[in-house]
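Nothing fancy with the numbering, it's 1 onward along the sequence. Values below: every heavy atom of this structure, side chains too, minus hydrogens, waters and symmetry copies.
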Amino acid sequence: MGLPGATAQAFTFLLILLGEQLAASTFKICAFNIRSFGKAKAANQKVMGALVQILSRCDISAVQEVRDSKGSAIRMLLREMNRHDSSHHYGFLESKRLGRGSYKEQNVFVYRTDVVSVTDWCQLGEDDSRAFEAFAREPFAARFHSPTTVVSDFVLLLHHASPREAVRELDLLFGVCMELVQRWKTQNLMVLGDLNAAGTYISARAWARIRLRNHLAFHWLIGDKEDTTVSHRTCCAYDRIIVHGEELLGAVVPRSAKPFNFTQALGLSEEEALEISDHYPVEVNLRLAPKAQREL
Ligand SMILES: *[C@@H]1O[C@H](CO)[C@@H](O)[C@H](O)[C@H]1NC(C)=O
């Protein structure tokens, strides 16, 4: 005997609610190259509206290609996010302005200050001239304390690799990770960002030389076949999430690591989506500790 129509409908609705509840009871981290985010984009309401929707889904967003010498664009973004999502408060931590020539950009962590805090950070190249010479733009690392996740202490290493130097820089990131593991006495580390780790920037043979790729402690969660580009003409996994350490790997929600297709999610045309960025964010969910789940 089947369920009466109304009961079945109510049941379906309950399942949907439950699904949303389950999805909400995780901790989301993303990395997003917002192509040339500066004054012009901050002044574009449509673009800002979309960015706010995309970023306010995440507990921590590792934002890249911030091109904003006065710092006004990122402040406007934070103001809009705080206005849009009153259930959280968003703050940010920015790298220095990176780049050797006159072209500069910044990496910025945008995060929910009511959920997670920054306990330390490290701008590579600041106190170490070797790193400065090694990277076109030095990586930026922050250590987070997150009381609700199964792993409460972890490091995010954010990097925007130079396309032409991607092989060398990816390999060097291995050494940076080892230094951070020593410095902060933790194995829980995640490398994320637009690593240009695909397409013609990395030949099939070059992969074998990249320690970050081949060392067993590193787990590449965004696979080579993924497409992190918005354009229909390209299909490349430039943007990656790589987890170091078994404990942090165990905290990842299975199959949660993927690009976020905002063209689809926001119902945009390709042209509209490209106004926001040429990259999709890549994201991953961490499991919450049982206690935190009960409290929700
Ligand atoms: C993203 O979604 C759009 C619209 O549904 C689709 O045309 C496109 O192929 C998707 N891109 C990727 C990389 O999945």
Min side-chain heavy-atom separation [X]-[Y] under 4.5 Å:
X    : Y    : answer
P147 : S152 : no
V243 : M190 : yes
V118 : F144 : yes
L248 : L189 : no
S146 : F27  : yes

Taking atom [atom1] of [X] and atom [atom2] of [Y], what is their separation to the nearest 0.5 Å?
X    : Y    : atom1 : atom2 : value
H244 : Q187 : NE2   : CD    : 5.0 Å
H279 : Y238 : NE2   : OH    : 7.5 Å
T149 : R287 : OG1   : CZ    : 10.5 Å
D68  : F37  : CG    : CZ    : 7.0 Å
N33  : T229 : CG    : OG1   : 12.0 Å
N196 : R240 : CG    : CZ    : 10.5 Å

I'd like to know if the side chain of [X] and the backbone of [Y] have a donor-acceptor N/O pair within less than 3.5 Å.
X    : Y    : result
Q123 : K96  : yes
N107 : S95  : no
T228 : P259 : no

Audit row: V52, L77, side-chain contact (heavy atoms from CB on, under 4.5 Å) steps and yes/no: CA-CA 7 Å; V52 164; L77 178 63; 4.3 Å; yes

Can you hop from [X] to [Y] via hydrophobic side chains spaced under 4.5 Å?
X    : Y    : value
V176 : W220 : yes
V284 : F32  : no
L274 : I34  : yes
Y111 : L55  : no
L158 : V252 : yes

Do the side-chain N and O atoms of [X] and [Y] include a donor-acceptor pair separated by under 3.5 angstrom?
X    : Y    : result
R112 : Y90  : yes
Y280 : N261 : yes
D114 : H89  : no
N285 : S256 : no

Proximity of F109 and F140 rings by center, below 6.0 Å: yes

Test salt bridge (Lys or Arg N to Asp or Glu O under 4.0 Å) applied to R211 and D171, step by step: CA-CA 5 Å; R211 286 170 294 170; D171 181 57; 2.9 Å; yes

Where [X] and [Y] come nearest, the two heavy atoms and their spacing:
X    : Y    : value
S56  : H84  : OG-CD2, 3.4 Å
E65  : H160 : OE2-CE1, 3.4 Å
C236 : A198 : CB-CB, 4.1 Å
A206 : V167 : CB-CG2, 3.7 Å
N214 : I210 : ND2-O, 2.8 Å
V150 : A251 : CG2-CB, 3.3 Å

Derivation and outcome, side-chain contact (heavy atoms from CB on, under 4.5 Å), residues R83 and R79: CA-CA 6 Å; R83 194 175 292 167; R79 194 169 63 222; 4.0 Å; yes

Option from L195, L192, I241, I242 for which side chain to side chain contact (heavy atoms under 4.5 Å, CB included) with I222 holds: I241

Residue from K39, M81, M48 passing side chain to side chain contact (heavy atoms under 4.5 Å, CB included) with M76: M48

Audit row: F154, T186, side-chain contact (heavy atoms from CB on, under 4.5 Å) steps and yes/no: CA-CA 7 Å; F154 54 83; T186 177; over 6 Å; no

Residues D224, R213: salt bridge by 4.0 Å N-O rule: yes

Whether H215 and F218 hold their rings parallel, tilted or perpendicular, with breakpoints at 30° and 60°: perpendicular

Criterion side-chain contact (heavy atoms from CB on, under 4.5 Å) on R75 and F92, from CA distance to verdict: CA-CA 9 Å; R75 277 175 186 82; F92 72 101; 4.0 Å; yes

Among D239, D194, D278, salt bridge (Lys or Arg N to Asp or Glu O under 4.0 Å) partner for R35: D278

